[in-house]
**Q** 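Quick one: this structure, given as C-alpha cells, is what I'll be asking you about.
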Amino acid sequence: MTTTDERAVPLTAPAPGAPAAEPTPLLTDDRPVTLSGRDAYRDELTRLAASDDTIVCLEADLGGKGHPFQAAHPERFFNLGIAEGAMVDMAAGLAAGGHKPFVSTFAPFAALRAAESLKLTLGYLAAGVTVVAPYAGVSGAWFGTTHHCLEDLAILRSVPGVTIAAPYGDAEMRAVVREAVRSGRPHYIRTGRNASYASLPLPDGELPLVNWEFRGGPDDVCLVSVGEEGTRLALAARRAAPGTAHAHLVYLDHENLSRAATELARHHCRFVVVEEHRGQGGVAEALALLLPEARVTSVSADRSWPAHGGDHEEVMAALGLDLPAVLAAVEKAGAHVEQAGARAHVRAG
C-alpha cells in the first residue's frame with residue numbers, strides 16, 4: 001500500500017504580464033503506510049476474506065463509518081450493538097457451522113463483560129473464534145476507568161486452549177490475523193486505540209517465538225517487551241541504555257510462554273518485563289514461575305485506579321509505567337548482577 005502526498009499549487013496569483021507559473025508536480029511517497037493495530041486488523045481481515053468466504057466479521061457497535069470489511073463483504077458483516085456476550089455466543093454458532101468468525105469490541109467489554117461467554121466459547125467448546133480487543137490497557141485514557149482494561153491477560157491466560165497475542169505494529173498484527181485464519185484455533189488478540197508503530201523486523205516475514213531486537217551477552221540485563229506500549233518503552237530504554245538486551249514477545253498464552261521461557265533462559269538470567277497490564281496475572285508473574293532460577297522484575301501498572309484524566313502516556317505514568325520506571329528497573333537488576341559477581345569473587349578469593 002502506498003500513499004500519495006499532493007503539494008498544492010501556491011494560491012498567490014502571478015503579477016500582471018508575468019508568465020504563468022509551472023504547475024507543482026505531484027510527489028509520490030512510496031513508503032508503506034503503517035496502520036494502527038485495530039486498523040491493520042480490519043484491513044488484513046478484509047483482504048483475506050476476498051479469497052476465503054468462510055470468514056465473517058462481527059462488531060459490537062464499533063464499526064463506525066466506512067468499515068472496510070463491511071464495504072467489501074456486507075453480507076458477512078454483522079453489527080451486534082452493545083451486546084458483547086450475545087456476539088460471542090453467535091460467533092460460537094457460526095464456528096460450529098463451518099465459518100471463521102472474528103469478533104471485536106473494547107477490551108474491557110470483551111474480557112470482563114463477556115467473560116463467561118469467552119470461557120465457554122473459546123475454552124470449553126474450543127470454538128475457532130478470534131476475539132480482537134482494542135482499547136486494551138489504558139489506551140482509552142480519557143474515557144476513564146470503565147474503559148480501561150488492565151486485567152484481560154490474567155483472565156484469558158486462565159482459560160486453557162486460547163492463543164493470546166499482543167502484536168506490536170502493523171506487520172505483527174497482520175501476521176497474527178493470518179495465523180488465526182490458518183490455524184482455526186481460539187484466539188484473543190490485544191491491541192490499543194489509535195497508536196501506530198512500525199513492527200520489529202520479522203525473520204522471513206514470520207513471527208518468531210522470541211524476537212531478539214538485541215541479544216547481548218549472558219551477563220546483560222534483558223528487557224522483555226509485551227504489547228504496543230511495553231515495546232515502545234523497551235525500545236526507548238534501549239536507546240538510553242544501549243547495552244541492555246531486548247527480547248520481544250507476541251504470543252502470551254501458557255503454551256507459547258513456556259517455550260519462550262526455555263529460549264530466554266538459554267541466553268540470560270536477569271529479566272525486566274515491561275507490560276501495560278497489572279503485575280498480578282501478567283506476563284512477568286508467569287515468567288517468574290516458568291524461570292525459577294532467574295531474576296524476573298516487573299514494570300507494569302500498579303494496583304491503584306487512575307483518578308484523573310489525561311492522554312494515554314499520562315495515565316500510564318500515573319500508574320508507574322513510564323521510561324524512568326523502566327530505566328530504574330534495569331539499573332537495579334544490573335546492580336544485582338554486579339553485587340552477585342562481587343560476592344562470588346570474594347568467595348573464590
Side-chain angles (χ1 to χ4, degrees), residues 35-42 58-65 67 79-88 103-119 131-158 164-168 173 188-197 225-233 236 252 274-285 298-326:
L35 300 178
S36 68
R38 61 175 180 161
D39 285 333
Y41 149 65
R42 292 172 175 178
L58 293 78
E59 294 262 357
D61 214 23
L62 295 184
K65 294 181 179 179
H67 193 296
N79 187 340
L80 277 295
I82 305 175
E84 292 83 0
M87 177 177 68
V88 176
V103 307
S104 183
T105 185
F106 285 71
F109 307 146
L112 297 169
R113 183 179 293 172
E116 182 183 17
S117 291
L118 285 189
K119 183 184 87 167
V131 177
V132 180
Y135 287 77
V138 291
S139 57
W142 284 107
F143 296 111
T145 299
T146 58
H147 282 58
H148 297 164
C149 191
L150 295 165
E151 307 82 15
D152 55 334
L153 296 181
I155 294 168
L156 270 298
R157 279 182 39 77
S158 67
I164 302 171
Y168 172 76
M173 174 59 83
Y188 177 84
I189 304 175
R190 185 185 211 252
T191 189
R193 188 187 176 201
N194 291 329
S196 59
Y197 299 110
S225 65
V226 174
E228 291 182 354
E229 298 308 305
T231 307
R232 175 184 65 80
L233 287 171
L252 311 175
V274 190
E275 55 184 321
E276 190 184 1
H277 190 274
R278 298 205 186 279
Q280 296 72 33
V283 173
E285 194 171 78
S298 173
V299 182
S300 56
D302 67 19
R303 293 176 60 86
S304 66
W305 300 98
H308 303 285
D311 65 20
H312 191 176
E313 291 187 26
E314 289 172 340
V315 176
M316 286 173 58
L319 292 167
L321 183 56
D322 56 11
L323 181 57
V326 177

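Computation of the quantities below employed the complete heavy-atom set of this structure, encompassing side-chain atoms and omitting hydrogens, waters and symmetry-equivalent molecules. Positions are given from 1, in the same order as the sequence printed here.
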**Q** When rounded to the nearest 0.5 angstrom, what is the spacing between CD1 in I82 and OG1 in T105?
**A** 8.5 Å

**Q** Rounded to the nearest 0.5 Å, how far apart are CZ of F143 and OH of Y135?
**A**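 The CZ atom of F143 sits 4.5 Å away from the OH atom of Y135.
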
**Q** Would you mind reporting whether E313 and D322 have side-chain heavy atoms less than 4.5 Å apart?
**A**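 Result no, sub-4.5 Å side-chain heavy-atom pair not found.
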
**Q** How long is the gap from CH2 on W142 to CZ on R193, to the nearest 0.5 Å?
**A**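 W142 atom CH2 to R193 atom CZ measures 11.5 Å (nearest 0.5 Å).
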
**Q** Which pair of non-hydrogen atoms, one from G320 and one from V299, has the smallest distance, and what is that distance?
**A**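 That would be O-CG1, 4.4 Å.
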
**Q** Measure the CD1-CD1 distance between I164 and I189 for me, rounded to the nearest 0.5 Å.
**A** 11.5 Å

**Q** Using every non-hydrogen atom in the two residues, find where S225 and G230 come nearest and quote the distance to one decimal.
**A**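 Minimum heavy-atom separation between S225 and G230: CB-O, 3.8 Å.
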
**Q** Over all heavy atoms of both residues, which pair between S139 and A136 is shortest? Give the atoms and the distance, please.
**A**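 Closest pair (atom of S139, atom of A136, distance): OG-O, 2.8 Å.
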
**Q** Taking atom CD of E116 as the centre, report whether more than 12 heavy atoms of other residues, nucleotides or ligands fall under 6.0 Å from it.
**A** no

**Q** Supply the atom-to-atom distance L35 CG to M173 CE, rounded to the nearest 0.5 angstrom.
**A**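 Here the interatomic distance stands at 10.5 Å.
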
**Q** Using side chain to side chain contact (heavy atoms under 4.5 Å, CB included), reason through R38 and V132 one step at a time and then give a plain yes or no.
**A** CA-CA 8 Å; R38 61 175 180 161; V132 180; 5.9 Å; no

**Q** Carefully, step by step, assess L321 and S300 under the rule side chain to side chain contact (heavy atoms under 4.5 Å, CB included).
**A** CA-CA 6 Å; L321 183 56; S300 56; 5.5 Å; no

**Q** Would you say H312 and E228 are linked by a side-chain donor-acceptor pair, where the criterion is simply a distance under 3.5 Å?
**A**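 Side-chain D/A pair, E228 to H312: absent.
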
**Q** Of all heavy-atom pairs between A110 and V131, which one has the smallest distance, and what is that distance?
**A** CB-CG1, 4.0 Å

**Q** Going through the checks in order, is the side chain to side chain contact (heavy atoms under 4.5 Å, CB included) test met by E314 and H308?
**A** CA-CA 9 Å; E314 289 172 340; H308 303 285; over 6 Å; no

**Q** Please examine the side chains of H148 and V315, heavy atoms only from C-beta on, and report whether any two atoms are closer than 4.5 Å.
**A** yes

**Q** Check G279 against S298 and note the closest heavy-atom contact, atom names and distance.
**A** CA-OG, 4.3 Å

**Q** Looking only at heavy atoms, what is the nearest atom pair of D152 and A111, with distance?
**A**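 So the two residues come closest at CB-CB, 3.5 Å.
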
**Q** In Å, rounded to the nearest 0.5 Å, how long is the span from OG of S104 to CE of M87?
**A**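 Reported to 0.5 Å precision, the distance equals 7.0 Å.
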
**Q** Go through the steps for E285 and R157 under the test salt bridge (Lys or Arg N to Asp or Glu O under 4.0 Å), then give the verdict.
**A** CA-CA 12 Å; E285 194 171 78; R157 279 182 39 77; over 6 Å; no

**Q** Contact between P134 and T191 at the side-chain level, heavy atoms closer than 4.5 Å - yes or no?
**A** yes

**Q** Are the side chains of T146 and P108 in touch, meaning some heavy atoms are under 4.5 Å apart?
**A**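 Contact flag for T146/P108 side chains = no.
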
**Q** Taking the side chain as every heavy atom from C-beta outward, state whether L80 and V103 have any atom pair closer than 4.5 Å.
**A** no

**Q** Closer than 4.0 angstrom, basic N to acidic O: yes or no for E275 and R190?
**A**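 Salt bridge absent between E275 and R190.
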
**Q** I want to check something: taking the side chain as every heavy atom from C-beta on, are D39 and R42 in contact at a cut-off of under 4.5 Å?
**A** yes

**Q** Verify the ring-centre separation between F109 and H147: is it less than 6.0 angstrom?
**A**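 Centroid distance H147-F109: below 6.0 Å, so yes.
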
**Q** Quick one, L112 and E151 - any side-chain contact, counting heavy atoms below 4.5 Å?
**A**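 L112 reaches E151 side chain to side chain.
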
**Q** State whether R232 and E229 are salt-bridged, where the test is any N-O pair (Lys NZ or Arg NE/NH1/NH2 against Asp/Glu carboxylate O) under 4.0 Å.
**A**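 Judged by the 4.0 Å cut-off on N to carboxylate O distance, R232 and E229 do form a salt bridge.
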
